[in-house]
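Down below is the structure, laid out as structure tokens.
The figures that follow rest on heavy atoms only: side chains count, while hydrogens, waters and symmetry mates do not. Since the structure is predicted, the reported quantities are computational estimates derived from the model, not experimental observations.
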Amino acid sequence: MSFNATSASPSLGINQSTGSRSNYKDIYELLERLCKSFTGAKGNHRDILRHVTQYISNCPSALGSTMPYDESSLLTKITQHLNAAQASGTTQSSNILKGSTGHGSSANNAALFLNLNEQLKSSQLETRQRNALLTFLLFMADSKYNSENGSSSNSAAAPTQTRTRYSNPNASLPPNNTIQTLRSHTLHKTQHSTPMFGLANGGVSSSSIYNSTDINHKISVLRQSNYQTGNHSGSENDTTPHPAASMIPTAGNTPFFLRAGSVGPTDMTKMLETQNNVNDDIVQNVIYAFTGIPGKYLKKDVVSGKFKLDVKAKNLNVVQAGMMLRLAELGYYHDLVKSYTDTKSGLCALGLMGQGFISALRAELTKYYGMVALLQEQLNKQKQIEKSALHNTLSNRQERLTLMKILVWSVDPLQRLQLLAAVAEACQEKKGGALASTVHGFLSSGNPMVKHLAKELLMAICGPLYQMLTKWLLEGEICDPHGEFFIECFVEVGPDRLWHDKYRVRSSMLPNFVTTDMANKILVTGKSINFLCEICEDKQPVKGRDELRQCIEENAEHIFSAVADTKLHSTIDSIYLNTSKRVLDIVMGPHKLLEHLQAMRRYLLLGQGDFIGILMENLKSELDKPAKELYSYDLSSIMDAAIRSTNAQYDDPEILNHLDVRLMSPCDGDIGWDILSLQYTVRGPLATMLEPSMRIYQVLFKPLWRMKHMEFVLSSKIWKDQKCNSKPLRPMAAELDKVLYRLHLFTSEMIHFIHQMQYYILFEVIECSWAELQEKVQNAKALDDILNAHDEFLSTIKCGAFLDSNSGDLCHNMETVYEAIVRLEVWQDKFYELCFRELNSRKEFDKDVLESEKMGKFGVTAEKKLERDQEHKIFEQTLSSYHKSLENIGGDYETAVRCFLLALNSNNDHNLQLFGIRLDFNEYYKKRDQRLGVPLTFEHMRMSNIYFNNSKSLLGSRIN
């Protein structure tokens, strides 16, 4: 078996990066491979491996960088050490370098070492590697690791010398302690870098640390040198110590006076027992720290809670102190995780789901306690075995539980406790869906260990969530004492608001793995069950209950899926559709939802034209009275008479029974037209579904009723009076033609405006929206689809009737037009009263003239003539003032119409622009106001589109 020094390190796969202290397991495996290659297939590498690991544990520089000495200094020190060893009778170092059992002179040892150095130079090793190997040999040649080749005369003095040497590193040394002098020199140079720990047992500071790559070169060159000098034996019975075995200490913490041949068996047993007790005490303290218990060497920091070394612990070297602090981190994270399981600390999660999380943490701590108990059991067995086997030879002793082994064992528990502490810290004082969302966020980690741990915790947390979800989907009940479920119930809300306001999604408790669409389906499913049981009194079980319960029990983890294509999602969708279909069948069948919507459109939105016309005609005399003189029961009887005299009589009596007259609270100066309102009363399940919409119907009825009233005033009052009075006033036509022409012109303009307005709202808005609503109702799969379509229907009408927030100017201008129509009605009544009074006065004067002629009198007296002339003059003056007031009414009306048209033409809705064109079909207003032509020009539209597109693109760029 042979290999050269240059290939030793690559063959073992050791590199400089693996020398990190955080990878002890890899270092141990590489050292084991090195010892196997060193001893060969038939050799026993276990003893050498134990000696090497113990050496590395006591010599922290073994895994560090090369010592700051050049090659010539190292050669001088090794040569001096060989000479001193030969002079003192110690032959271990020479045997290591010589590789044989014979005793050579100092000159032969020095020559052999120089020959080895020449071979190292010829092997083309780097200077750094040669220095590392020479430093390794220098440390291994220390008298602390000398073999038992000395004479018996030196055995008694050896303990005393060793104690003196290690008790006072700066004391003068005998000639064979050159290496110890080197160590003292190294300590003196690096004492400022490690002020915390005393250097014990011959340890050196952390600044003189070897690179782990150089160890292979050192041992490989040594073995090659031994083989080349012929000082090796291939016989299995050869009792010559192996060169490598001679270099490795026989026990990690055992001084040379404990080795065979140095002292007697009794003394060696006592000292070995003392050393084992110290090592066991250190390991015991570490095990105590694992569960947060301070000991002899490790104490807790009151502020941070971390472990620190006791200032009284003087017998620890640098490596032991560092390893104990590193292992104590496990105890710190144990205490941290344990604090999150204490309900009195104020740091733990809340609610039932929080209790599930705490239970999961406690289960993890229980597993951790089990592993710590196994360590304690192994330590106890080790103590018992050592007590019973102290009389045996050292080679028969069992392998001990060391800090290195515990450090390798602690890698996985430390990572797991760190993860648990991080998750618990993120989840403190959270509950319900917020807690589940926090833990679910760790599933996105790329670390498989983190994902697996997060999934286990999430399953424990969501146990109460599954129970609440099952209870809600199957029975419509919420069992949520701590407010953790993402569906909340308002107990104070009555049955009439059950569908709209009693249940809702609590967004703060909605887990991030439950989509908004899925949450709405879950909400509707449970709400539908409550609606069927409480309102419709239908307690039949919904289809799919058993399948849902079984699916939640078997596939609970499917709810965490990022894509809603699992069996659990499909099962929830299925029960949602089944429940919604059951609700639709009930409300569309026995409760006639669509028929009631049709009735509200016909009566509250004035879709039944003949009924509205007859009702206004019959109510005219009553509604012209002051509002405080009206009574609802009188108006109800008039409404019933209007129903019997129109096509409304053929409607379903059950539908007509819901229609009634309602009088709103009057204000000063109001008349009956201002406070009248038709009311459609819904009961039972319909009240639960449509109750929020009834207020919108009342809001829509008032402007529609006022528009219908204006149309009634113009058509049935103003225009009718004009036609009826035109013939009686024909004798005064010459005087009245100018005024009547303007009156007829204004009346025609107003009638055209009201007719176009009525057509637009009643047909283009209401009827078209109703057709869309009917189509959506036919295609609806759930009750919410119908209610949403109905709400959209009402919103469209509200916008089309200029009642939304964006139509304030349009509504104001319409009200100005209505005021002009009312003023025109009042003006016309007074005007015709004036005209007929003048006409009657003239007829009376002519009658007096005729009677005086019959009586033989001629004409009338001068007084009557003067009186008649005075009345005629007053009439002409009054007629002129009436003409001016009519022009004022016409001017105000025209101004309001112009503003209304300008608002329509400037609107982005093309339907409103077309409506404005119909209102000004002959461009009468456009010619009188140049502003009306600008919004309809191509240039204005093009610039508006450019501005709109630029704004839209700018908004899109900001979003992206």
Side-chain angles (χ1 to χ4, degrees), residues 613 616-618 620-621 623-625 671 673 709-755 817-894 897 922 924 928:
M616 283 188 171
E617 190 70 31
N618 296 341
K620 181 181 179 301
S621 58
L623 297 180
D624 287 337
K625 297 179 181 179
I671 60 176
W673 294 101
H709 177 220
M710 294 299 103
E711 191 264 345
F712 176 78
V713 169
L714 288 172
S715 300
S716 301
K717 182 70 171 58
I718 297 179
W719 182 82
K720 186 178 179 179
D721 290 347
Q722 291 176 4
K723 295 301 179 183
C724 295
N725 296 331
S726 60
K727 187 175 181 179
L729 294 178
R730 192 171 298 170
M732 301 175 62
E735 298 172 303
L736 300 179
D737 281 347
K738 187 176 181 180
V739 179
L740 290 177
Y741 172 76
R742 299 297 296 173
L743 175 62
H744 294 161
L745 183 61
F746 290 149
T747 303
S748 299
E749 291 180 11
M750 293 177 179
I751 291 176
H752 170 71
F753 180 86
I754 292 298
H755 283 175
V817 172
Y818 294 157
E819 291 176 358
I821 294 175
V822 174
R823 289 169 59 192
L824 181 62
E825 179 189 14
V826 174
W827 181 91
Q828 181 174 280
D829 291 340
K830 294 181 178 180
F831 172 74
Y832 280 121
E833 181 182 358
L834 174 65
C835 292
F836 280 106
R837 185 170 62 247
E838 177 63 21
L839 180 61
N840 293 332
S841 298
R842 291 182 182 185
K843 288 181 179 181
E844 187 68 26
F845 182 78
D846 292 341
K847 183 179 179 181
D848 291 341
V849 171
L850 292 176
E851 289 179 356
S852 62
E853 289 178 353
K854 290 180 181 180
M855 295 175 60
K857 297 179 181 180
F858 298 95
V860 292
T861 61
E863 293 179 359
K864 288 186 177 181
K865 180 64 176 176
L866 182 61
E867 182 181 357
R868 176 83 281 274
D869 292 340
Q870 187 68 25
E871 291 178 355
H872 181 70
K873 186 177 180 179
I874 293 174
F875 170 73
E876 289 180 350
Q877 293 177 354
T878 306
L879 184 63
S880 177
S881 63
Y882 268 78
H883 190 194
K884 291 181 180 180
S885 62
L886 178 62
E887 292 294 339
N888 292 334
I889 294 174
D892 295 340
Y893 167 78
E894 184 175 342
V897 172
N922 57 356
Y924 169 77
R928 299 170 68 86

Fill in the blank from the handout: From the list Glu871, Lys865, His872, side-chain contact (heavy atoms from CB on, under 4.5 Å) with Asp869 holds only for Lys865
Completion exercise
Checking Glu749, Met710, His709 against Ile754 for side-chain contact (heavy atoms from CB on, under 4.5 Å), the one that qualifies is Met710
When rounded to the nearest 0.5 angstrom, what is the spacing between [atom1] in [X] and [atom2] in [Y]?
X	Y	atom1	atom2	value
Phe712	Ile718	CZ	CD1	11.5 Å
Ile751	Ile821	CD1	CD1	9.0 Å
Thr747	Leu824	OG1	CG	5.0 Å
Asp829	Trp827	CG	CH2	10.5 Å
Cys724	Trp719	SG	CH2	8.5 Å
His883	Arg742	NE2	CZ	6.5 Å

Practice task
Decide yes or no on side chain to side chain contact (heavy atoms under 4.5 Å, CB included) for Leu743 and Tyr832, but give the supporting numbers first.
Solution key: CA-CA 12 Å; Leu743 175 62; Tyr832 280 121; 4.1 Å; yes
Could [X] and [Y] be called an ion pair, given the rule that one side-chain N must be under 4.0 Å from one carboxylate O?
X	Y	result
Arg868	Glu838	yes
Asp846	Arg842	no
Glu867	Lys864	no

Student check: side-chain heavy atoms of [X] and [Y] closer than 4.5 Å:
X	Y	result
Arg837	Leu834	yes
Thr878	Ser881	yes
Phe753	Val817	yes
Val739	Phe831	yes
Tyr882	Lys830	yes

For residues [X] and [Y], report the shortest heavy-atom separation together with the two atoms involved.
X	Y	value
Cys835	Met732	O-SD, 3.7 Å
Ala820	Tyr893	CB-CB, 3.8 Å
Asp624	Trp673	OD1-NE1, 2.9 Å
Phe836	Asn725	CZ-OD1, 3.5 Å

Fill in the blank from the handout: Given the options Gln722, Lys717, Glu833, Gln828 meets side chain to side chain donor-acceptor pair (under 3.5 Å) only with Gln722
Exercise for the section: For side chain to side chain contact (heavy atoms under 4.5 Å, CB included), just list the numbers for Tyr818 and Met750, CA-CA rounded to whole Å, side-chain angles, deciding distance to a tenth of an Å, and then say yes or no. Expected result: CA-CA 9 Å; Tyr818 294 157; Met750 293 177 179; over 6 Å; no
